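For reference, the structure is listed below as structure tokens.
A quick note: this is a predicted structure, and the numbers were derived from the prediction, not measured.
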Amino acid sequence: MTDERATGPLRWIAGALSGLASAAAALGIAELAAGALGRASSSPLLAVGAGFIDLTPGWLKDFAIRRFGSADKTVLLAGLGAGVTVAALVVGLLGRRRLAWGLAGLGAFGAVGAVAALTRPVAGPADAVPSAVGALAGMAALTALVRAARPENAGPGTEVDRRRVLLTGAGVIGVAAAGGAGGRALLRRGDVSSVRAELRLPPPASPARPVPQGARVRVAGMAPFRTPAREFYRVDTALTLPQVDPRDWTLRVHGMVARPVEMSFDDLLREALIERDITLSCVSNQVGGDLAGNARWLGAPLAPLLRRAGVRSGADQILSRSADGMTLSTPIETVLDGRDAMIAVGMNGEPLPIAHGFPARMVVPGLYGYVSATKWVVDLKITRFAADRAYWTERGYAEDAPVKTFSRIDVPKPLAGVRAGRVAVAGTAWAQHRGVDAVEWQVDDGPWREALLAPVPGLDTWRQWIAEWEAEPGSHTLRCRATDGTGRTQPGHRAPPFPDGATGWHSVVVTVT
Ligand SMILES: Nc1nc2c(c(=O)[nH]1)N[C@H]1C(S)=C(S)[C@@H](COP(=O)(O)O)O[C@H]1N2
Ligand SMILES: [Mo]
């Protein structure tokens, strides 16, 4: 009895830890299997994470993008890791009471992973294999650990053979680590970074207009006019980046067309490429938010491609699909109205970064990303809104989603302390494809004053602005609003991003001393 009480808590802890080690072995071996298959999306952890992204209600996703921005996926994976850890500890405790319960828990893990992997948009039956193999490995590990910890396996007396428990535990953790590392290494074989690094893009037949001097206002704290790729915001549902080799890439244009088209990457590069400065922005961007970036895109114009395919009357939607099965819908008339819609292959003078759609993505100036900017695009189905829905429109977001006129104060920063006297107030405004014609600013509830607009190369980029403020001591609220090229002024009414983009004036409170 005394012995039982002394070792009781320790044995509970050992039980919980054996659950953790078995789950680690399961995930490690599953990773190895996913690597052997060469399919990252079949890894149970990633498949469950991706399924979670798809099932997340819009408001929660909005919150995650708003709160964590491009780090939303790291946060999701960390949360998932925490959930798995707790579940694994429970499995260990169950397994200590009765092995069969622990095994059933691991089996349930495997089943969840398999279902998640099989329900990915581009899944095949083989995608269930890593979860199944992993669950079996986890079961074997748990069995070994529980057996090793049984007193009947110990020598004379009731002492558990600690050495044997530790050796078994070390073995299981070794298998987990080796499996995980091996799997990662195998998956890296599919990485297309080196193909991308070696790719040379042809020069544009129609180069971009030069960016005028002064497009970036000279105020410390203002972002450059052109956003470097590594600073460009990233929003997508891809938990692992699709690795699309341009040598295997094709673009299919089909559906309501007279002549379906299938083109290779080389075919695409033989088009008369255009190069344009275009600002991309996300519908999830909040008033004052930074889910926008401006880049120089190189690509094949989309309108001639569609005309060659021969869009049939009645078609009003391009349903584009990415290599990982994501779908986006775009109004056809927008693409055909003369704007520089393109299948982009280059960003800021280089092939698209993998995170931004390598080897090809759509870019349509004036539309939010979710209805236009399909990364890793491989398929364009010409269809009708009445017949087909895309990922976000299925979730209630608007089909027609032109970018709303937006302006933001970038300097001074919110809650900054500034010296009384002359203070530079500066910011960024955008109304892609309509252009920004004016930005006004206001101190407290004083009169609206015109800011000075920086020059821009065209209607499709954001526009920086600057004003000079004679700041007087005290706490002040600065506010701004833009007017677009059609003469319409950004409304003050605050609306959330759902279902077609946020509205409202941005304001910043500063303390002047
Ligand atoms: N394949 C794919 N393309 C996508 C998305 C996605 O989830 N998957 N997200 C869209 C959204 S919502 C936006 S705002 C832009 C963001 O492009 P970026 O990540 O290059 O900034 O990509 C669009 N293209
Ligand atoms: Mo977006």
Taking atom CD of Glu394 as the centre, report whether more than 12 heavy atoms of other residues, nucleotides or ligands fall under 6.0 Å from it. yes

Would you say the side-chain atoms of Gln464 pair up with the backbone N or O of Ala223, donor to acceptor, closer than 3.5 Å? yes

Verify whether one side chain among Thr486 and Asp484 offers a donor that lies under 3.5 Å from an acceptor in the other. yes

Between Arg463 (side chain) and Val436 (backbone), is there a donor-acceptor pair under 3.5 Å? yes

Under-4.0 Å salt bridge between Arg339 and Asp460: no

Hits for side chain to side chain contact (heavy atoms under 4.5 Å, CB included) against Val283, two or more places apart or cross-chain, chain-then-number order -> Tyr368, Tyr370, Tyr397

At what distance, to the nearest 0.5 angstrom, does CZ of Arg408 lie from CH2 of Trp462? 6.0 Å

For Trp505 and Trp448, I'd like to know if the aromatic rings sit close, meaning centre-to-centre distance below 6.0 Å. yes

Sequence neighbours excluded, which residues qualify as salt bridge (charged side-chain N to carboxylate O under 4.0 Å, His left out) partners of Arg39? Asp127

So how far is it from Leu187 CG to Thr240 OG1, rounded to the nearest 0.5 Å? 8.5 Å

When you measure from the side chain of Arg196 to the backbone of Pro351, do you find a donor-acceptor pair of N or O atoms at a distance under 3.5 Å? yes

When every non-hydrogen atom of Pro204 is compared with those of Ile274, the smallest separation belongs to CB-C, 4.3 Å

Knowing that exactly one of Gln432, Arg434, Arg488, Gln490 qualifies, which makes a side chain to side chain donor-acceptor pair (under 3.5 Å) with Thr405? Arg434

Identify whether the distance between the nearest side-chain nitrogen and carboxylate oxygen of Asp340 and Arg276 falls below 4.0 Å. yes

Residues passing the side chain to side chain contact (heavy atoms under 4.5 Å, CB included) test with Thr477, sequence neighbours excluded, are Asp444, Arg479, Ser507, Val509

Can you measure from CG (Asp191) to CG (Leu241) and round to the nearest 0.5 angstrom? 9.0 Å

Asp437 and Thr483: side chain donor to acceptor below 3.5 Å: no

On a heavy-atom basis, which atom in Gly369 and which in Leu328 lie closest, and how many Å separate them? O-CD2, 3.3 Å

Spatial distance of atom CD (Glu198) from atom OG (Ser193) [nearest 0.5 Å]: 11.0 Å

Does anything in residues 305-358 form a ring pair (Phe, Tyr, Trp, His ring centres under 6.0 Å)? List the pairs, not counting sequence neighbours. Phe232-His356

With Asp72, which residues qualify under salt bridge (charged side-chain N to carboxylate O under 4.0 Å, His left out), at least two apart? none

Is any NZ, NE, NH1 or NH2 atom of the basic residue among Arg252 and Glu262 found under 4.0 Å from an Asp or Glu carboxylate oxygen of the other? no

Apply ring-ring contact (aromatic ring centres under 6.0 Å, His included) to His476 and list each qualifying residue two or more places apart in sequence or on a separate chain. Trp469

Sorted by chain and number, sequence neighbours left out, salt bridge (charged side-chain N to carboxylate O under 4.0 Å, His left out) with Arg308 holds for Glu271

Pair Arg226, Thr461: side-chain N/O donor-acceptor within cut-off below 3.5 Å: no

Which atom pairs, donor and acceptor, lie under 3.5 Å between side-chain atoms of residues 287-298 and protein residues at least two apart or in another chain?
| unit_1 | atom_1 | unit_2 | atom_2 | d |
| --- | --- | --- | --- | --- |
| Asn294 | OD1 | Thr279 | N | 3.4 |
| Asn294 | OD1 | Thr279 | OG1 | 2.8 |
| Asn294 | ND2 | Phe225 | O | 3.0 |
| Arg296 | NE | Asp277 | OD1 | 3.0 |
| Arg296 | NH2 | Arg209 | O | 3.2 |
| Arg296 | NH2 | Asp277 | OD2 | 2.9 |
| Trp297 | NE1 | Ile278 | O | 3.1 |

Donor-acceptor contact below 3.5 Å, side chain Arg189 vs main chain Ala185: no

How about CZ on Phe52, more than 12 heavy atoms from neighbouring residues, nucleotides or ligands closer than 6.0 Å, or not? no

Just checking, is any N or O donor in the side chain of Asp337 or Thr334 under 3.5 Å from an acceptor N or O on the other one? no

For Leu459, side chain to side chain contact (heavy atoms under 4.5 Å, CB included) partners two or more places apart: none

Any chance you could lay out the side-chain contact (heavy atoms from CB on, under 4.5 Å) test for Thr383 and Asp388, step after step, and finish with the verdict? CA-CA 7 Å; Thr383 179; Asp388 281 299; 2.7 Å; yes

Under the salt bridge (charged side-chain N to carboxylate O under 4.0 Å, His left out) rule, collect the residues that match up with Glu440, sequence neighbours excluded. Arg481

Quick one: CZ on Arg449 to CD on Gln442, what's the gap to the nearest 0.5 Å? 9.0 Å

Identified side-chain contact (heavy atoms from CB on, under 4.5 Å) counterpart of Trp465 within the set Val217, Ile409, Leu452: Ile409

Cationic tip of Arg389 within the cone over Phe385's six-membered ring, i.e. under 6.0 Å and within 45° of the normal? no

Heavy-atom closest pair, residues Val335 and Ala303: O-CB, 3.9 Å

Pairing residues for Arg321 by the side chain to side chain contact (heavy atoms under 4.5 Å, CB included) criterion, not counting sequence neighbours: Thr327, Asp379

Where Pro130 and Pro44 come nearest, the two heavy atoms and their spacing: CB-CD, 4.3 Å

N-O pairing of Arg120 and Asp324 below 4.0 Å: no

Under 3.5 Å donor-acceptor, Thr374 side chain and Val377 backbone: no

To the closest 0.5 Å, what do you measure between CD (Gln286) and CZ (Phe406)? 9.0 Å

What residue pairs, at least two apart or across chains, pass salt bridge (charged side-chain N to carboxylate O under 4.0 Å, His left out) with a residue in residues 228-245? Lys73-Asp236, Arg234-Asp236, Asp236-Lys375, Asp245-Arg247

